[in-house]
Peer 1: 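After the structure tokens below, expect a handful of questions from me.
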Amino acid sequence: MCGRYSLTKPPMRLRVGAEVVPLAMERSRYNVAPMQIAPVVRYRDGQLVTDELRWGLIPAWAKDAKFAAQCINARSETVADKPAFRSAFKSRRCLVPADGFYEWAAMAKQKLPWRFVRTDGEPFLLAGLWECWEPKEQPALREETFTILTTVPNEVTRPVHDRMPVILDAEAALRWLAPEATRETLSALCVPCPSDTLRRFRVSTVVNSARNDLPECVAPVPEQIGFTGI
DNA sequence: CCAGACGTTGTT
DNA sequence: GTCTGG
DNA sequence: CCAGACGTTGTT
DNA sequence: GTCTGG
């Protein structure tokens, strides 16, 4: 799956099709966690722009915001049909920029975090959906939220976890955002990225706590001999 | 008809 | 909002 | 995703 | 055990 990620080197230039979308951020994020605000790329007034949304999708019809924590990811295999996601899948697709993501390997009672980055050092564009939630009785609570799609793992992620985020290259990213894209076209994009585009390494359990948004979260640590967690 | 759910992951 | 279950 | 809380009343 | 918060 994808329950944490990073954006460590702003400002970044995100290549989407032939366009380059600038991503300006006030500070580096080493540990972006669910329920936090993070940038997404989407069409607004016909332009590709970045906007800050909350991670954890709340369907427009939800009675309260509790839905968010359960909807940090959407399974790409079923997203077109699930009540919570199908509307956003049809008309509110977005890209979630990241330059690394984390997965935990569970073994015995320990959970050890691994970090995944692109071998070419470029940022990821993750397939996402967004929604706008505005309770009638409390319009002030209006909020835009997003979720990240998942798919089956590739060779690099499989030893750590049985799900991984849908990672799009520049061309696939443009097709993901195309307003008139068909369900079939979109489904074809939701596959694991090639294994040679990813590498993994152990990081400190400092990343475990969402309160620790520190450079230490992204630093490699030695794998314990005889116990890597995978 | 109305009521109630609507989600993912991991673990056992 | 829309579908499923009763 | 993981970490941390999980409760009420009354008093300052 | 289960929910909330980050």
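A note on names: the letters A, B, ... follow the listed sequences, proteins ahead of strands, and every chain is numbered from 1. Keep in mind that this is a model prediction, so the values were computed, not measured.
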Peer 1: Which of the following nucleotides, dT4(E), dG7(B), dT11(B), is nearest to the side chain of K66(A)?
Peer 2: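 Selected nucleotide: dT4(E).
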
Peer 1: Picking from dT9(B), dT8(B), dG6(E), which would you name as closest to the side chain of R211(A)?
Peer 2: dG6(E)

Peer 1: What is the distance, to the nearest angstrom, from the NZ atom on K111(A) to the P atom on dA3(D)?
Peer 2: 8 Å

Peer 1: Counting Watson-Crick and G-U wobble pairs with both distances under 3.5 Å, what is the dot-bracket string for DNA chain B, 5' to 3', using [ ] for crossing pairs and | for pairs to another strand?
Peer 2: ||||||......

Peer 1: Using a 6.0 Å cut-off, check whether atom CD of E77(A) has over 12 heavy atoms from anything other than its own residue.
Peer 2: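 Yes, the 6.0 Å shell around CD holds more than 12 heavy atoms from other groups.
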
Peer 1: Heavy atoms under 4.0 Å, any strand shown: does I72(A) hit a base, just sugar-phosphate, or nothing?
Peer 2: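 Base: the residue I72(A), judged by heavy atoms under 4.0 Å, touches a nucleobase.
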
Peer 1: Base, sugar-phosphate alone, or nothing: which one does T78(A) contact when heavy atoms must sit under 4.0 Å apart?
Peer 2: sugar-phosphate

Peer 1: Could you work out the separation of dG1(E) and dT8(B) based on their P atoms and round it to a whole Å?
Peer 2: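 24 Å, rounded to whole Å.
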
Peer 1: Can you tell me how far P in dG7(D) sits from the matching atom in dT4(E), rounded to whole Å?
Peer 2: 10 Å

Peer 1: Side chains of N73(A) and T150(A): do they bring a donor and an acceptor to under 3.5 Å?
Peer 2: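 No, because no side-chain N or O of N73(A) sits under 3.5 Å from a partner of the opposite role on T150(A).
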
Peer 1: When you look at CD of Q47(A), are more than 12 heavy atoms from neighbouring residues, nucleotides or ligands closer to it than 6.0 Å?
Peer 2: no

Peer 1: Tell me which nucleotide among dT8(B), dC1(D), dG7(B) gets nearest to the side chain of F67(A).
Peer 2: dG7(B)

Peer 1: Give the nucleotide from the list dG7(B), dC1(D), dT2(C) with an atom nearest to the side chain of P34(A).
Peer 2: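 Out of dG7(B), dC1(D), dT2(C), the nucleotide with an atom closest to P34(A)'s side chain is dC1(D).
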
Peer 1: Heavy atoms under 4.0 Å, any strand shown: does M35(A) hit a base, just sugar-phosphate, or nothing?
Peer 2: base

Peer 1: Does the side chain of R163(A) get closer than 4.0 angstrom to OP1 or OP2 of dT9(B) through an N or O atom?
Peer 2: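 Yes, such a contact exists.
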
Peer 1: Check every atom of dT9(B), dT11(B), dG7(B) against the side chain of Q70(A) and return the nucleotide holding the closest atom.
Peer 2: dG7(B)

Peer 1: Of the nucleotides dT9(B), dA3(D), dC6(B), which one has an atom closest to the side chain of A84(A)?
Peer 2: dC6(B)

Peer 1: Centroid distance below 5.5 Å plus an interplanar angle below 30 degrees: do W61(A) and dC6(B) meet both conditions?
Peer 2: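 Taking the rule of under 5.5 Å and under 30°, the ring of W61(A) does stack on dC6(B).
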
Peer 1: Taking the six-membered ring of W130(A), is the NZ or CZ of R42(A) close enough (under 6.0 Å from the centre) and on axis enough (within 45°)?
Peer 2: yes

Peer 1: Return the nearest nucleotide to the side chain of S209(A); candidates are dT8(B), dC1(D), dA3(D).
Peer 2: dA3(D)

Peer 1: So, is T150(A) near the phosphate of dT9(B), with a side-chain N or O under 4.0 Å from OP1 or OP2?
Peer 2: yes

Peer 1: Expressed in whole Å, how much space separates the C1' atoms belonging to dC6(B) and dG5(E)?
Peer 2: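 Pairwise C1' distance, dC6(B) against dG5(E), rounds to 23 Å.
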
Peer 1: Mind telling me whether W61(A) and F67(A) have parallel, tilted or perpendicular rings, with 30° and 60° as the class edges?
Peer 2: perpendicular

Peer 1: I want to verify a distance call: between dT9(B), dT8(B), dG6(E), whose nearest atom is closest to the A33(A) side chain?
Peer 2: dG6(E)

Peer 1: How about E134(A): does its CD atom have over 12 heavy atoms from other parts shown lying under 6.0 Å from it?
Peer 2: yes

Peer 1: Scan Y102(A) against the nucleic acid and name what it touches under 4.0 Å (heavy atoms): base, sugar-phosphate only, or nothing.
Peer 2: nothing

Peer 1: Taking the basic N atoms (NZ, or NE/NH1/NH2) and the acidic carboxylate oxygens, is any pair closer than 4.0 Å for D213(A) and R27(A)?
Peer 2: yes

Peer 1: Looking at side-chain heavy atoms only, is the closest gap between R92(A) and S87(A) below 4.5 Å?
Peer 2: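 Yes, at least one pair of side-chain atoms sits under 4.5 Å.
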
Peer 1: Need one value for R4(A): base, sugar-phosphate or nothing, where a base atom within 4.0 Å counts as base even if backbone is also close, heavy atoms only.
Peer 2: base

Peer 1: Give S87(A) one of three labels, base, sugar-phosphate or nothing, depending on what nucleic acid heavy atoms sit under 4.0 Å from its own.
Peer 2: nothing

Peer 1: Take the protein atom CG of N31(A) and the nucleotide atom C1' of dC1(D), then report the distance between them rounded to whole Å.
Peer 2: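 In whole Å, dC1(D) C1' and N31(A) CG are 9 Å from each other.
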
Peer 1: Given that D162(A) and K82(A) both sit by DNA chain B, which one's nearest nucleotide is further toward the 5' end?
Peer 2: K82(A)

Peer 1: Say we look at dT11(B) and dC1(D): how far apart would their P atoms be, to the nearest angstrom?
Peer 2: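 Result for the P pair: 9 Å, nearest Å.
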
